[in-house]
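Heads up: numbering here begins at 1 and tracks the sequence.
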Amino acid sequence: MKGTQRVNDFVVKFANVNGSGSASANGLFARAILRMGVPVAARNIFPSNIQGLPTWYEVRVIEAGWRGRRGGVDLMVAMNPQTWDKDIAEIEQGGYLLYDSTKPMPASRFRSDLTVLGVPLTELSNTLEGTIPRERQLLKNVIYLGAISALLGFEASVVEDLIAKQFKGKDKLIKLNMRAVELGHDYAAKNLSGKCHLKVVRDNKVGERIFISGNDAAALGAVYGGATVCAWYPITPSTSLAEAFTKHCKKFRVDPVTRENKFAILQAEDEIAAIGMVLGANWNGARAFTATSGPGISLMQEFFGLAYYAEIPAVVFDIQRGGPSTGMPTRTQQSDILLAAYASHGDTKQVLIFPKGPNEAFEFGALAFDLAERLQTPVFVMMDLDIGMNDWLVEPLKWDDARKYDRGKVMTAEELDADKPFARYLDVDGDAIPWRTIPGTHATKGTFFTRGSSHDAYARYSEAGKDYTDVMQRLLRKFETAKTMVPGPVRHDAKAATRWGAIYFGSTSVAMDEASAKLEADGLMVDTLRLRAFPFSDEVVDFINAHDQVFVIEQNRDAQMLKLLVNECGIDPARFISLLHYDGAPITARFITSEIAERMSMTRKEAAE
């Protein structure tokens with residue numbers, strides 16, 4: 001059977017063992033393709049232990065520029081005996097299997113509809129002189145990189161340049177890795193020539209785009225948004241955001257003359273302490289944030305209630321993962337939606353914003369600090385592991401140097417001296433947002449007592465029912481005001497009029513963009529709406545009411561976004577069709593396309609009957 005023939009449009013998946021040193025070589029593979037001007041969408045799927053369990057790295061070579069997972073594999077590099085059967089089953093018919101053929105394997109272990117590409121990796125690594133067993137284990141990964149470069153038609157100089165850059169200043173390592181690449185390349189060129197019909201051909205489709213993770217972009221957004229304080233506790237998958245913020249602060253937040261740090265980064269003893277520090281810093285006038293995940297959000301609940309009720313700004317980056325409990329720490333989900341939307345006991349409604357990828361992680365990462373201070377409330381930036389920890393190929397991050405920070409309603413010393421009336425929780429402008437002062441603004445005026453217990457409009461302790469309900473009703477009105485400030489939804493109408501709609505958000509967006517194009521090409525018209533924030537604007541309600549049936553696509557088990565829409569918008573649940581994907585791997589365009597097409601077909605058949 002002749003293998004699949006594709007140019008600049010296929011999926012390669014590396015099946016390795018965690019701790020085997022494969023990440024470096026696999027990442028080199030993705031960057032090599034980018035260097036040849038061909039876009040890639042890369043996903044790292046790894047276990048939560050340090051060493052020994054299976055790990056996968058999937059690279060979608062896609063000239064068209066789609067950034068989501070496609071589903072299926074065209075070339076599997078099978079390096080893990082534990083997952084062999086599962087990995088083989090994932091290869092598309094007519095696909096290719098590359099494996100270590102040092103030890104012969106029975107024909108029963110292979111599929112007859114695949115092209116088998118055996119490379120004796122262990123045998124080849126043993127020819128590398130002056131190496132110890134651990135080094136040879138690591139270099140097997142580089143040898144298969146060399147073999148793949150020959151099979152797919154890489155330009156040799158691309159791989160050589162990347163190795164020279166990666167090991168700059170370490171001549172021995174450069175020479176050793178170059179030799180390993182050469183071994184793999186020469187073996188494949190001599191023994192496997194013409195057997196693989198997947199090819200990478202130089203193009204110019206990458207342009208000025210950059211390869212960056214959402215956590216790195218969000219951390220840079222926090223710097224540009226004026227953050228000077230980060231209090232955090234390590235938790236996957238948010239740790240790299242705090243680490244990136246530290247890196248960026250050392251570049252942008254150090255006084256050029258005195259070399260003094262103009263930032264404070266505190267690794268707290270736990271998540272509860274971290275959010276307490278964040279609220280204290282914001283109350284004192286700094287822009288502060290924490291980065292965490294679902295378990296941390298659970299632990300911080302009481303402090304979220306304090307911030308909501310005492311009206312203290314704060315920014316929380318929630319990099320969502322699989323739950324509940326410890327769950328799947330290194331798998332992606334969108335499963336903290338309800339937890340964050342109503343965070344804390346009692347009646348609360350929190351502001352959430354949903355970036356679609358690194359660009360919006362940067363943009364919203366900065367915007368969140370303006371929103372938090374305008375609204376005097378916590379703002380949750382709802383990302384997930386797929387956005388946060390994977391590198392995405394995106395347009396360069398953009399910033400307007402003329403932009404000014406919006407600190408909201410902060411009364412100045414001059415205003416206080418002019419006897420401008422001040423009451424900390426009084427709505428004087430009709431938007432339900434009161435004026436505040438920052439500690440130290442004035443020696444004698446503008447003071448107030450911040451408390452989590454019930455209070456009146458003047459921040460005085462009160463258990464009078466009317467005082468309590470007045471404050472709570474004003475907080476509801478403030479949430480209505482928030483609708484006019486948060487990012488609005490993005491709507492795309494199909495080429496032809498349709499009564500079908502689809503709502504989605506966050507990392508689902510890249511798969512949905514591709515699925516929409518495929519559905520339209522197949523003659524299935526679906527209008528789409530990408531949610532970018534909660535509270536929902538009137539546009540969301542209008543979109544739903546304009547369609548008979550609306551798909552809500554999300555990555556959790558319990559249809560959390562759908563429930564939030566029903567609860568907040570007063571929509572009949574029968575109008576919604578829930579599409580759920582929550583196995584921990586990023587959702588694919590194939591899944592969305594097939595599910596929507598099937599549901600539309602079923603509905604039409606039922607209507608015909």
Residues S335, Q320; criterion side chain to side chain donor-acceptor pair (under 3.5 Å); working and verdict: CA-CA 7 Å; S335 53; Q320 299 167 90; 5.2 Å; no

Do the side-chain N and O atoms of N16 and N26 include a donor-acceptor pair separated by under 3.5 angstrom? yes

Within the structure provided, determine whether Y144 and M79 are in side-chain contact (heavy-atom separation under 4.5 Å). yes

Grab the two heavy atoms, one from M512 and one from I553, that are nearest each other, plus how far apart they are. SD-CD1, 3.5 Å

Applying salt bridge (charged side-chain N to carboxylate O under 4.0 Å, His left out) to R530 and E360, what does each step give before you reach the verdict? CA-CA 13 Å; R530 177 166 68 89; E360 286 190 345; 2.9 Å; yes

Salt bridge or not for E514 and R590, using N-O below 4.0 Å? no

On a heavy-atom basis, which atom in P47 and which in T330 lie closest, and how many Å separate them? C-OG1, 3.4 Å

Are more than 12 heavy atoms from other residues, nucleotides or ligands located less than 6.0 Å from atom CD of E129? no

Would D85 and R109 pass as an ion pair if we require N to O under 4.0 Å? yes

For the aromatic rings, using the six-membered ring if either is Trp, is the centroid distance between F364 and F317 under 6.0 Å? no

Could you report the tightest heavy-atom contact between S20 and L138, atom names first, then the distance? O-CD2, 3.4 Å

Fit a plane to each ring of Y57 and F14, take the angle between them on a 0 to 90° scale, and name the class: parallel (under 30°), tilted (30 to 60°) or perpendicular (over 60°). tilted

Min side-chain heavy-atom separation P234-W232 under 4.5 Å: yes

Tell me whether the centres of the aromatic rings in Y99 and W84 are closer together than 6.0 Å. yes

Grab the two heavy atoms, one from E554 and one from Q560, that are nearest each other, plus how far apart they are. OE1-N, 3.1 Å

With I210, the side-chain contact (heavy atoms from CB on, under 4.5 Å) member among L393, V394, N359, D391: V394

Check whether R69 reaches the backbone of P586 with its side chain - one donor and one acceptor, N or O, closer than 3.5 Å. yes

Is D203 close to M36 at the side-chain level, that is, under 4.5 Å between some pair of heavy atoms? no

Whether the side chain of D270 engages the backbone of I272 through a donor-acceptor N/O pair (distance < 3.5 Å, no angle test) should be reported. yes

Passes side chain to side chain donor-acceptor pair (under 3.5 Å), T332 versus Q555? Steps please. CA-CA 8 Å; T332 196; Q555 298 180 66; 5.1 Å; no

Do you know which two heavy atoms are closest between V40 and V61, and how far apart they sit? CG1-CA, 4.4 Å

Is the side chain of R111 donor-acceptor paired with the backbone N or O of I88 at a distance under 3.5 Å, no angle test? yes

Taking everything shown except Y582 itself, do over 12 heavy atoms lie less than 6.0 Å from its OH? no

Using only atom types and a distance under 3.5 Å, with no angle test, would you say the side chain of K103 pairs donor to acceptor with the backbone of D100? no

Take T4 and E92, measure what side chain to side chain donor-acceptor pair (under 3.5 Å) needs, and give me the verdict at the end. CA-CA 9 Å; T4 299; E92 303 267 276; over 6 Å; no

Distance alone, cut at 3.5 Å: any donor-acceptor contact between the side chains of S22 and N141? no

Sub-6.0 Å ring centroid separation between Y504 and F551: no

Can we say K518 and D522 salt-bridge, meaning some charged N sits less than 4.0 Å from an Asp/Glu carboxylate O? yes

Checking N215 side chain against P237 main chain: does a donor-acceptor pair fall under 3.5 Å? yes

Hydrogens and angles aside, do H248 and D216 bring a side-chain donor and acceptor to less than 3.5 Å of each other? yes

Nearest heavy-atom approach of M389 to S240 is CG-OG, 4.5 Å

Between H581 and N556, does a side chain to side chain donor-acceptor pair (under 3.5 Å) hold up when you go through it step by step? CA-CA 6 Å; H581 183 282; N556 58 69; over 6 Å; no

Could you tell me whether a side-chain N or O of T55 sits under 3.5 Å from a main-chain N or O of I45, the two making a donor and an acceptor? yes

Could you check whether R6 pairs with D74 (Lys NZ or Arg NE/NH1/NH2 to Asp/Glu carboxylate O, under 4.0 Å)? yes

Just by distance, no angles: are the side chains of T131 and R136 close enough, under 3.5 Å, to form a donor-acceptor pair? yes

Is the backbone of D386 close enough, under 3.5 Å, to the side chain of W392 for a donor and an acceptor to pair up by distance? yes

